[in-house]
2 protein chains.
Amino acid sequence: MTHKKSNKKQPEPATRAGKGANGPQTRRERVASKEDAIVSAATEMFMARGFAKTTISDIAGKASVAEGTVYLYFANKDALAHAVLAAFYRGLTQKAQAGVVKFETTSDRLAFLARHHLDSIIKNRTILELITITDRDAQSYKGSDLYKMNREYVAVFDGVVREGVWRGEIDDKISLWIFRDIFFGGLEYAMRTILINNRRKDIDQVVSELVQMVTLPTAEQGKAAASISASSSDISKIAARMEKAATRLEEIVADRSANKK
Amino acid sequence: MTHKKSNKKQPEPATRAGKGANGPQTRRERVASKEDAIVSAATEMFMARGFAKTTISDIAGKASVAEGTVYLYFANKDALAHAVLAAFYRGLTQKAQAGVVKFETTSDRLAFLARHHLDSIIKNRTILELITITDRDAQSYKGSDLYKMNREYVAVFDGVVREGVWRGEIDDKISLWIFRDIFFGGLEYAMRTILINNRRKDIDQVVSELVQMVTLPTAEQGKAAASISASSSDISKIAARMEKAATRLEEIVADRSANKK
DNA sequence: TTTCAATCATGAATGATATTCATTATTTCT
DNA sequence: AGAAATAATGAATATCATTCATGATTGAAA
């Protein structure tokens, strides 16, 4: 029992790491790349089989390390889920930030964010599950890493909405946090419906109707509506938008005359 | 009572209590009450500790049966979660159906449904988790029991919305399923926010703003807007003019803040 | 009442996994 | 090179979900 023939299997980490032009790496680099390998393997397995059905042994195998090694890098399976989620959030936030600046109107920006979110969660739906697994209780969630990552991500949305309200393209009677929950909650549920019915082509429709629901009509749309049916609701929404614009105008004028003095 | 055998199920609501002074019961009654005891115990434990941290031994202990006995009634832990969810859905649907008929306008009905849903999921948030656990893959979900129960529940909402559209109280440009996903998805996300910040008192606000967002303005509000207008074509002209003014204004403002830097 | 086949119940055994830990290998430093 | 530090390993352990051989209970026929 104490005696060990051992060396039955000798994975060759040195050869692996040192291969190719990269050649020698520092210990820290090797360690970091091993950590990456484990996270990548975990991501793949979670996506393929889901969290519950993925074993540590699966992950270790795919990452070419021993089971015990996984625990050198991550305290437990939950911590691995956390790391996978963190990587997912990073990409999500980065793409959202990079993309949103390409659009001018609030509607276009929201449509971009909605499509980006919906595409991402459809493609990575099993990663979303991990949120439920890692966020054990609502109390400790606030202040957690995950919370911070989420705040960073939704900050992009918040910025668009704040400017939209300021421009009068969004109704200022709805509070921002409720707006946000409706937007992202609606998208998550739409994802489920789309997957259940296996109708990816409904993505466009969801994006367009969601954006339509949360933004005020523009004059162009209002005109069309007026010519068809003179819908009083559209008119009153347009009136709200115009009212907003007038207020802004007044502020600016007041500002100007104040400066002139 | 000679043909007991032919009756597959014999619910006996009169002698529900079971234990204590109630001596004689039929075998079937005892079996049914044991099943109830197991489901109740499971519900309690899942709510207290969550699915993952609840062991079959916990449940068996609380229901005063042996571990093996649980498996006489339920195929596995997932099936138990399913039974708990089914009971939850039954109550949810029943209350929704009973409550909604007490309200007249679409807004009031939706407000009732929103509040009922939000209250229920806040109180039973851990039960909601079970959906993720039991619905293993999107494909097989359709056609499952759970799917049917969900359809029954949302049918109440669907009915209200259909009538609302017919009455002109809801915009018919948004498709019903997207409407539904925004409504329930928004509520679920709002639940999370409310729990994270521990602000139950925000429930009223969520309900009112959600309903406001998904319904058209009332006749009162519409009338105010409409009273401005002599004709719809005038309105659209004014709107176009205002829109141009707003755009000009935005340019000026953008210009300014650029100069300030 | 007695008896027995059908049910129901039990909890120890099994198997699958997450996690730990004693041991071995590798790297860095002197 | 040799020692200390660091990293890696995989067998051992602990915790459950689930199974199963065995025993108890029940209803009703005799």
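Every value quoted in this text rests on a predicted model; they were computed, and no experiment measured them. Each chain gets a letter, A, B and so on, in the order its sequence line appears, and its residues count up from 1.
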What is the ring orientation for Tyr153(A) with His117(A), classed by angle as parallel under 30°, tilted 30 to 60°, or perpendicular over 60°?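 The rings of Tyr153(A) and His117(A) lie parallel, inter-plane angle below 30°.
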
Side-chain donor-acceptor pairs under 3.5 Å in residues 49-62 of chain A, sequence neighbours left out?
residue, atom, partner, partner atom, Å
Thr54(A), OG1, Met45(A), O, 3.2
Thr54(A), OG1, Gly50(A), O, 2.7
Thr55(A), OG1, Ser57(A), N, 3.4
Thr55(A), OG1, Asp58(A), N, 3.0
Thr55(A), OG1, Asp58(A), OD1, 3.3
Thr55(A), OG1, Asp58(A), OD2, 3.2
Asp58(A), OD2, Thr55(A), N, 3.1
Lys62(A), NZ, Glu44(A), OE1, 3.2

Please list, chain by chain and in numerical order, all residues satisfying salt bridge (charged side-chain N to carboxylate O under 4.0 Å, His left out) with [X], sequence neighbours excluded.
X	answer
Arg125(A)	none
Asp158(B)	Arg180(B)
Asp204(B)	Arg115(B)
Asp145(B)	none

Nearest-Å distance for atom pair [atom1]/[atom2], residues [X] and [N]:
X	N	atom1	atom2	answer
Leu80(B)	dC16(D)	CG	P	16 Å
Glu35(A)	dA8(D)	CD	C1'	15 Å
Phe51(B)	dC16(D)	CZ	C1'	12 Å
Ile56(A)	dA16(C)	CD1	P	17 Å
Ile59(A)	dT17(C)	CD1	C1'	12 Å

Under 4.0 Å: is that the gap between some side-chain N or O of Lys53(A) and OP1 or OP2 of dT17(C)?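 No, Lys53(A) has no side-chain N/O under 4.0 Å of OP1/OP2 on dT17(C).
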
Sorted by number, the residues of residues 66-78 of chain A with heavy-atom contact under 4.0 Å to DNA chain D: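 Within residues 66-78 of chain A, the residues near DNA chain D are Ala66(A), Gly68(A), Thr69(A), Leu72(A), Tyr73(A).
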
